[in-house]
There are 2 protein chains.
Amino acid sequence: MKLSQRGEYAIQALLVLGMYHGPEVIRIKEIANQQNIPRRFLEQILNDLKSGGFVESRRGVSGGYRLERRPEEITLSEIVRHIEGPLESSDLAKESKKKLHLHSDEAAKYIINGVMHEVQTAIVGVLEAVTLFDLCEKVRKIQGQMDDQSDYII
Amino acid sequence: MKLSQRGEYAIQALLVLGMYHGPEVIRIKEIANQQNIPRRFLEQILNDLKSGGFVESRRGVSGGYRLERRPEEITLSEIVRHIEGPLESSDLAKESKKKLHLHSDEAAKYIINGVMHEVQTAIVGVLEAVTLFDLCEKVRKIQGQMDDQSDYII
DNA sequence: TAAAATCTCGACCAATTTAGTCAAGTATTG
DNA sequence: CAATACTTGACTAAATTGGTCGAGATTTTA
């Protein structure tokens, strides 16, 4: 399981919005600069996140984006699912079982599918347990460490 | 994590070789027919599996393939790793940590990477625990069930 | 020894996906 | 109304995926 660039950017953007979460809105340009994401590409991604109900936007001169839900209510699995497509591939499993007679290639596929289903369950298990809030906390923590050593750049 | 077609075919082929494992060799054509895999494509895949040390081949008129190792010694994680590329993406983790001063986009990436690393660990955990032999047993089992009901095709 | 069967090697190809870019438009503020 | 920002949809280049193909090398068997 590798995250696409798009997926990584999406999480980075949400992470910024999570860090500064409040009633205020943040401009696309700021996110792009801070996270070093191509601006035009980020527009696309934020738009997608908007239609997915993760962020809301305000137009016009003092426009920007903010989270639509609180960071602690957004799990990584939701984000990844929305941006990379379904984590769980449609169960060939029950399909095949019902037919009850499998050609030998179907038998093999059925078995392989079963294992891959376990894999998916494991993936979701991890991603389900992590919220945007958790990620923000971790960032704050390592930024705190950097403070201590007055050896950071931002 | 979705398996590529190539990956699924590879496992199917190994599964066939595992089912009939012995000193004898099986022709590419038989595997292709039985598993409904494009023959030319399968050639490529088996070649790849050969260079990966999973199978060995015999040329000539009664040539074919057989497993190079015993089914119980081949884990799914090895197969997938070889055919789909590394499961574990090179650790940006330690890299970044050493630098000790992260730009804020690097901090975000670092954190995200950490979670993805957990995901990878979970994936490997599942795949590591399943051997080719296990898969063969499962196939035998559902084929046994089909026998019981004399309602199968092969 | 020649024919037939089978693996081997590398090039090639079309369709899809990924990672962006761009232009023109709409909305909001001052 | 001018400036600033989001919105929408089309467009593109490069990489990946899922194959195909031709020519060659090896081995068996008649």
Side-chain angles (χ1 to χ4, degrees), chain A residues 1-13 16-17 23-68 80 82-86 89 105 109, chain B residues 1-13 16-17 23-68 80 82-86 89 105 109:
Chain A
M1 157 118 195
K2 72 169 205 293
L3 216 46
S4 68
Q5 196 60 252
R6 191 188 180 84
E8 183 159 4
Y9 288 159
I11 300 177
Q12 284 181 253
V16 173
L17 296 178
E24 288 310 294
V25 108
I26 299 178
R27 272 168 303 168
I28 231 176
K29 205 199 307 187
E30 287 191 32
I31 303 177
N33 289 343
Q34 189 190 129
Q35 296 296 312
N36 206 34
I37 301 172
R39 219 180 112 261
R40 298 300 206 132
F41 194 23
L42 182 56
E43 285 181 11
Q44 223 181 78
I45 294 168
L46 281 170
N47 233 295
D48 189 7
L49 288 173
K50 183 183 173 186
S51 76
F54 295 96
V55 302
E56 55 190 20
S57 61
R58 201 154 60 212
R59 286 183 176 198
V61 85
S62 63
Y65 288 90
R66 62 184 293 274
L67 294 181
E68 190 169 326
V80 174
H82 182 258
I83 215 84
E84 310 266 6
S89 61
D105 69 312
K109 284 184 183 175
Chain B
M1 155 118 196
K2 72 167 203 296
L3 216 46
S4 67
Q5 196 60 251
R6 191 187 180 83
E8 183 159 4
Y9 287 159
I11 300 177
Q12 284 180 253
V16 173
L17 295 178
E24 289 309 295
V25 108
I26 300 177
R27 273 168 302 168
I28 230 176
K29 206 198 306 187
E30 286 191 32
I31 303 176
N33 288 343
Q34 188 189 130
Q35 295 297 312
N36 207 36
I37 301 172
R39 219 180 111 261
R40 296 298 207 138
F41 195 24
L42 182 56
E43 285 180 14
Q44 225 182 77
I45 294 168
L46 281 170
N47 233 298
D48 190 7
L49 288 173
K50 183 184 172 183
S51 77
F54 295 97
V55 302
E56 54 190 20
S57 62
R58 202 157 59 209
R59 286 182 177 197
V61 82
S62 65
Y65 289 90
R66 62 185 293 275
L67 294 182
E68 191 169 326
V80 173
H82 182 259
I83 213 82
E84 309 266 6
S89 61
D105 68 313
K109 283 184 183 175

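So you know, we letter chains A, B, ... as the sequences are listed, proteins then strands, and number each from 1. These numbers come from the heavy atoms of this one structure, side chains and all, not from hydrogens, waters or symmetry mates.
Atom CD1 in Ile83(A) sits about 15 Å away from atom C1' in dT17(C), given to the nearest Å. The distance from atom CD1 of Ile26(A) to atom P of dA5(D) is 14 Å, rounded to the nearest whole Å. Rounded to an integer number of Å, the gap from CZ of Arg6(A) to C1' of dT16(C) is 15 Å. Here dA14(D) presents its P atom at 17 Å from CD of Gln5(A), a figure rounded to the nearest Å. Between the CG atom of Leu42(A) and the P atom of dT21(C) there is a distance of 11 Å, rounded to whole Å. Atom pair Phe41(A):CZ and dG9(D):P shows a separation of 18 Å (rounding to whole Å applied). To the nearest angstrom, C1' of dT6(C) lies 12 Å from CD of Glu30(B). Separating the CZ atom of Arg39(B) from the C1' atom of dC21(D) is a distance of 11 Å, rounded to the nearest angstrom.
Looking at heavy-atom distances under 4.0 Å, Ile28(B) makes contact with sugar-phosphate atoms alone, never a base. Within the 4.0 angstrom heavy-atom criterion, only backbone atoms of the sugar-phosphate kind lie near Gly63(B); the bases stay farther away. Arg40(B) comes within 4.0 angstrom of a base, heavy atoms only.
Residue whose closest nucleotide on DNA chain D sits further toward the 5' end, between Glu84(B) and Arg58(B): Glu84(B). For Gly60(B) and Gly7(A), each mapped to the nucleotide of DNA chain C holding its nearest heavy atom, the one lying further toward the 5' end belongs to Gly60(B).
At the phosphate of dT7(D), OP1 or OP2 sits under 4.0 Å from a side-chain N or O atom of Ser57(A). Under 4.0 angstrom from either OP1 or OP2 of dA19(C) there lies no side-chain N or O belonging to Tyr9(A). Look at Lys50(A) and you'll find a side-chain N or O under 4.0 angstrom from OP1 or OP2 of dT7(D). Here Asn47(B) reaches the OP1 or OP2 of dC9(C): one of its side-chain N or O atoms lies under 4.0 Å away. Residue Arg27(B) places at least one side-chain N or O under 4.0 Å from the OP1 or OP2 atom of dT6(C).
Taking only distance into account, the side chain of Gln44(B) meets the base of dT20(D) through a donor-acceptor pair shorter than 3.5 Å.
Across all their heavy atoms, Leu42(B) and Ala13(B) have their closest contact at CD1-CB, 4.0 Å.
Leu17(A) contributes atom CG, which lies 12.0 Å from atom CD of Glu68(A) (distance to the nearest 0.5 angstrom). Here the straight-line distance linking atom CG of Asp48(A) with atom NE2 of His82(A) works out to 4.5 Å at 0.5 Å rounding.
Using modelled atom types, one side-chain atom of Glu84(B) and one backbone atom of Ser4(B) make a donor-acceptor pair closer than 3.5 Å.
Of the listed nucleotides (dA11(C), dA3(D), dT26(C)), dT26(C) has the atom at the smallest distance from the side chain of Arg59(A). For Val61(A), the side-chain atoms get nearest to dT29(C) when compared with the rest of dT29(C), dT6(C), dT7(D).
The pair Glu24(B)-Arg66(B) does not count as a salt bridge, with every side-chain nitrogen at least 4.0 angstrom from each carboxylate oxygen.
Checked against Val16(A) for a side-chain contact (heavy atoms from CB on, under 4.5 Å), the options Ile11(A), Ile31(A), Ile37(A) give a single hit: Ile31(A).
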